[in-house]
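Residue numbers run from 1 in the order of the sequence given. The structure displayed is predicted, hence computed values, not measured ones. Atom set for the values below is all heavy atoms of this structure, side chains included, hydrogens, waters and symmetry mates excluded.
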Amino acid sequence: MSDELVVTADGGVRTVTLNRPQAKNVIDAALHHRLLDVWHDLDRDPDARCVILTGAGQTFSGGGDFAFLKAQHQSLDLRYAVSHQAGGILNAMINFRLPVVAAVNGPAVGLGASLALCCDLVLMSEGSYLCDPHVSIGLTAGDGGALLWPYMMSMIRAKEYIYTGARIPAAEAMDLGLANRVTTADTLMTEANALAAKLAAQPARALQTTKRAFSKHIAQAALAIVDYGLAAETVELGAEEHIDKVREFLGPDKYDAIGG
């Protein structure tokens with residue numbers, strides 16, 4: 001198992017931790033691959049009843065790793081491979097049989113926000129926030145953002161946040177319907193574990209089939225949205241406008257110095 005993704009067990013609860021705290025849990029090639037595999041691994045765990053997804057340190061996930069992103073700028077083959085994997089991650093989480101509780105312990109940005117909102121229940125610590133900056137860096141937000149956000153708040157509100165890339169603080173996220181509750185940083189994992197234990201104690205088959213019924217809403221929408229969104233993003237990852245936006249965000253010298 002990669003050290004970048006850690007799975008721990010406590011009774012029927014499995015905690016999946018994004019484990020790159022020194023890099024704000026941004027998602028590089030190795031972590032992207034593990035995020036696909038882990039849901040299949042947990043699905044085969046006969047004793048698992050509920051999962052918590054969180055990040056190590058003070059960030060849930062800062063989104064995509066810039067070195068990983070730059071590598072995609074330079075390789076169409078890599079873009080296709082990553083796009084296929086990204087669709088696999090979304091579908092694996094949407095169709096995962098066990099309930100998943102997101103413990104959002106800090107910023108959840110881009111893919112990080114999509115990972116959080118793919119979960120069944122979302123707990124956020126004070127000071128955390130959600131943000132999807134895809135459009136702001138010249139990319140289609142056609143997978144997680146366009147798919148998930150309108151299911152949790154009104155379409156018109158979702159468009160504002162996705163189009164502008166604005167941050168949504170934890171309390172506002174709860175008011176909008178993107179989170180179930182807000183906790184202090186110190187109590188986040190205590191509350192997440194208590195909620196996960198409560199779900200793990202429910203009749204397993206009834207809970208899992210009920211989750212499957214809920215999941216069909218998003219799974220049906222995903223058929224219409226995700227392939228289009230990822231195809232558009234695959235093209236845009238090689239476009240000058242997107243690369244210029246990333247260079248502008250990082251600064252040309254920093255961008256040029258990034259490996260990949």
K.L.:
Roughly how far, to the nearest 0.5 Å, is the CD atom of Gln220 from the CD1 atom of Ile225?
P.N.:
11.5 Å

K.L.:
Name the one of Thr210, Val51, Leu121, Leu199 that satisfies side chain to side chain contact (heavy atoms under 4.5 Å, CB included) with Pro99?
P.N.:
Leu199

K.L.:
Find out whether His32 and Leu111 are in side-chain contact, i.e. whether some heavy atom of one side chain is under 4.5 Å from a heavy atom of the other.
P.N.:
yes

K.L.:
Is a donor on one side and an acceptor on the other found under 3.5 Å between the side chain of Asn25 and the backbone of Thr59?
P.N.:
yes

K.L.:
For Arg247, does the CZ atom have more than 12 heavy-atom neighbours from other residues, nucleotides or ligands under 6.0 Å away?
P.N.:
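Yes.
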
K.L.:
For Thr140, which of His242, Glu233, Glu236 qualifies under side chain to side chain donor-acceptor pair (under 3.5 Å)?
P.N.:
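Going through His242, Glu233, Glu236 one by one, the side chain to side chain donor-acceptor pair (under 3.5 Å) with Thr140 is satisfied by Glu236 alone.
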
K.L.:
Backbone N or O of Met124 within a donor-acceptor pair of the Ser128 side chain at under 3.5 Å?
P.N.:
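Judged by distance alone, no pair lies under 3.5 Å.
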
K.L.:
Give me the ring orientation class for Tyr161 and Trp149: parallel if the planes are under 30° apart, tilted from 30 to 60°, perpendicular past 60°.
P.N.:
tilted

K.L.:
Quick check against the 3.5 Å criterion: does Arg97 have a side-chain atom that pairs as donor or acceptor with the backbone of Asp43?
P.N.:
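Side chain of Arg97 to backbone of Asp43: a pair is present.
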
K.L.:
Is there a donor-acceptor pair under 3.5 Å between the side chain of Asp28 and the backbone N or O of Leu31?
P.N.:
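Yes, the answer is positive, given that a donor and an acceptor are paired below the 3.5 Å cut-off.
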
K.L.:
So, the side chain of Lys245 versus the backbone of Ser136: is there a donor-acceptor pair under 3.5 Å, distance only?
P.N.:
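Answer holds: no.
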
K.L.:
Does atom CZ of Phe249 have more than 12 heavy-atom neighbours from other groups under 6.0 Å away?
P.N.:
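No, CZ of Phe249 has 12 or fewer neighbouring heavy atoms, counting only those of other groups under 6.0 Å.
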
K.L.:
Counting only heavy atoms not in Gln58 (residues, nucleotides, ligands), do more than 12 fall under 6.0 Å from its CD?
P.N.:
no

K.L.:
Would you check if Cys119 and Met93 make a side-chain contact, meaning some heavy-atom pair closer than 4.5 Å?
P.N.:
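Yes - at least one pair of side-chain heavy atoms lies under 4.5 Å apart.
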
K.L.:
Distance check, rounded to the nearest 0.5 Å: Leu69 atom CG versus Ile27 atom CD1?
P.N.:
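The CD1 atom of Ile27 is 12.0 Å from CG of Leu69, to the nearest 0.5 Å.
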
K.L.:
Quick check on Leu223: does its CG atom have over 12 non-hydrogen neighbours (other residues, nucleotides or ligands) under 6.0 Å away?
P.N.:
yes

K.L.:
For His73, does the NE2 atom sit with more than 12 other heavy atoms under 6.0 Å from it, leaving out its own atoms?
P.N.:
yes

K.L.:
For His40, is the NE2 atom crowded, meaning more than 12 foreign heavy atoms sit under 6.0 Å from it?
P.N.:
yes

K.L.:
Considering only NZ, NE, NH1 and NH2 on the basic side and carboxylate oxygens on the acidic side, decide whether Arg20 and Asp65 come within less than 4.0 Å.
P.N.:
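Yes, charged N to carboxylate O under 4.0 Å.
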
K.L.:
Can you get from Phe68 to Val246 by hopping between Ile, Leu, Val, Met, Phe, Trp and Tyr side chains that sit under 4.5 Å apart?
P.N.:
no

K.L.:
Does the Asp132 side chain pair with the main chain of Ala141, one donor and one acceptor, at a distance under 3.5 Å?
P.N.:
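No; judged by distance alone, with no hydrogens or angles, the pair does not exist.
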
K.L.:
How about Gln22: does its CD atom have over 12 heavy atoms from other parts shown lying under 6.0 Å from it?
P.N.:
yes

K.L.:
Between Asp41 and Arg34 (salt bridge meaning N to carboxylate O under 4.0 Å), is one present in this structure?
P.N.:
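Here Asp41 pairs with Arg34 in a salt bridge, since their nearest N and O are under 4.0 Å apart.
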
K.L.:
Applying side chain to side chain donor-acceptor pair (under 3.5 Å), run through Gln72 and Arg79 and close with a yes or a no.
P.N.:
CA-CA 5 Å; Gln72 293 175 68; Arg79 295 202 296 274; over 6 Å; no

K.L.:
Hey, quick one: are Val182 and Val101 part of the same hydrophobic cluster, counting side-chain heavy atoms closer than 4.5 Å, chains of contacts allowed?
P.N.:
no

K.L.:
Does Thr183 offer a backbone N or O that forms a donor-acceptor pair with the side chain of Thr187 under 3.5 Å?
P.N.:
no

K.L.:
Enter the distance from Met174:CE to Leu123:CG here, rounded to the nearest 0.5 Å.
P.N.:
10.5 Å

K.L.:
I'd like to know if the side chain of Thr17 reaches the main chain of Asn19, judged simply by a donor and an acceptor atom lying under 3.5 Å from each other, with no hydrogens or angles considered.
P.N.:
no

K.L.:
Would you say the side-chain atoms of Ser215 pair up with the backbone N or O of Lys211, donor to acceptor, closer than 3.5 Å?
P.N.:
yes

K.L.:
Distance-only, no hydrogens or angles: does the Tyr255 side chain make a donor-acceptor pair with backbone N or O of Glu248 under 3.5 Å?
P.N.:
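No, the answer is negative, given that no donor and acceptor are paired below the 3.5 Å cut-off.
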
